Amino acid sequence: MRRKLLLGNWKMNKTSKEALTFAKQTDELVKIAKENNVDLGVAPTYLSLQIVKENVSCDMIVASQNCHFEDYGAFTGEISIPMLKDIDISWCIIGHSERRSYDNETDEKCNKKIKALFANKMVPVYCVGETLTQFENGQTKEVVERQIRIGLKDLTKDEVKNLVVAYEPVWSIGTGKNASKEIAEDVCKFIRDILCDMFGEVSEDIRILYGGSVKPDNIKQYLSCPDVDGALVGGASLNIDSYKQLLINII
Ligand code: PEP
């Protein structure tokens, strides 16, 4: 039985002070989530990771939005996995579409990062999804399959049982145009089938999230889909009331 997962992606939002204010209001939510078998988390900016981690319950997931695949070296502006581990961060989003579009995050680079995360016993949240043009050209599955097969190349069954995949159609991120639940289920099921082909029955343990303009009033439909195990939420995770409502609406 896969546990539901609600993960907020704060992107480049919130100063450390604002992140701390949010963090201090999460205790009740973590309790509600735990009682209802939901894993709850947020992904603050690098600068706020530590302050958030230190001010939330240990049951709350605090994820990085990115990492480098090398442990250290001449990579100006980057953060390494040992640096994340040093502040007790054990989750990391990889391959978010904004990083794919603005920072040349390729499937090959994602693969190196995911391997490095697993080598450090961390949990990657691997984002995949097609652009609007690809969607309109009927290329969704071809694109997603490539992202999955390259991004997860040469991983072991043992490693991927802790993997989280997020299907986020690029045309739905931050646009208010959320995918229908039928599209979300169809693609998430397709992803699970590829995972099964690559890794066998462990694919049944891998959590697959939907992301893209998820709001309190539309989240429930996604969680009713058999292959959607949770949501990766940007805009609607920034405000504590809206974040709480997302949780309430899936329990
Ligand atoms: C995201 O950042 O991953 C995301 C899905 O954003 P939004 O919910 O704002 O569309």
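None of these values were measured; they are calculated from a predicted model.
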Check this for me, if you would: do [X] and [Y] make a salt bridge, where the nitrogen-to-carboxylate-oxygen distance has to be below 4.0 angstrom?
X	Y	value
Lys189	Asp193	yes
Asp107	Arg149	no
Asp205	Lys161	no
Lys53	Asp88	no
Glu204	Arg2	yes

Check your understanding: Any side-chain donor paired with an acceptor under 3.5 Å for Tyr72 and Glu78?
Key ->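 Tyr72 vs Glu78: no donor-acceptor pair found between side chains.
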Check your understanding: Does the side chain of Asn36 pick up a donor-acceptor pair with the side chain of Lys4 at under 3.5 Å?
Key ->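 No, no side-chain donor-acceptor pair sits under 3.5 Å.
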Do the side chains of [Y] and [X] get nearer than 4.5 Å, heavy atoms only?
X	Y	result
Lys121	Ser90	no
Cys92	Pro124	no
Leu209	Leu232	yes
Arg100	Cys110	yes
Asn13	Glu18	no
Ile79	Leu84	yes
Met12	Gln65	no
Lys14	Ser48	no

Check your understanding: Do Val62 and Leu6 belong to the same hydrophobic cluster, where Ile, Leu, Val, Met, Phe, Trp and Tyr are linked whenever their side-chain heavy atoms lie under 4.5 Å apart, directly or via other members?
Key ->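 As far as the 4.5 Å side-chain criterion goes, Leu6 and Val62 are connected within one cluster.
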With rounding to the nearest 0.5 angstrom, report the [atom1] to [atom2] distance, [X] to [Y].
X	Y	atom1	atom2	answer
Glu70	Phe75	CD	CZ	4.5 Å
Leu246	Ile219	CG	CD1	4.5 Å
Ile194	Ser203	CD1	OG	11.0 Å
Asn120	Ile81	CG	CD1	5.0 Å
Leu117	Cys67	CG	SG	4.0 Å
Lys85	Met122	NZ	CE	7.5 Å

Review point. Among Ile248, Leu238, Val42, whose side-chain contact (heavy atoms from CB on, under 4.5 Å) with Tyr243 holds?
Key: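 Among Ile248, Leu238, Val42, the one that satisfies the side-chain contact (heavy atoms from CB on, under 4.5 Å) with Tyr243 is Val42.
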Ignoring hydrogens, what is the shortest heavy-atom contact between [X] and [Y]? Give both atom names and the distance.
X	Y	answer
Val125	Ala166	CG1-CB, 4.3 Å
Lys113	Asn66	NZ-OD1, 2.8 Å
Gly129	Val170	O-CG2, 3.9 Å
Gln147	Tyr126	O-OH, 2.6 Å
Ser213	Gly176	OG-N, 2.7 Å
Ile148	Val165	CD1-CG1, 4.0 Å

Practice item. Please lay out, stage by stage, how Glu136 and Leu132 fare under the test side chain to side chain contact (heavy atoms under 4.5 Å, CB included). Key: CA-CA 6 Å; Glu136 288 174 345; Leu132 181 59; 3.6 Å; yes
Exercise for review: Step through the shown structure and confirm whether more than 12 heavy atoms of other residues, nucleotides or ligands are within 6.0 Å of CD on Glu35.
Suggested key: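 Yes - once you tally the heavy atoms of other residues, nucleotides and ligands closer than 6.0 Å, there are more than 12.
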Check your understanding: Near Lys215 NZ, under 6.0 Å, is it more than 12 heavy atoms from other residues, nucleotides or ligands?
Key ->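 Yes - once you tally the heavy atoms of other residues, nucleotides and ligands closer than 6.0 Å, there are more than 12.
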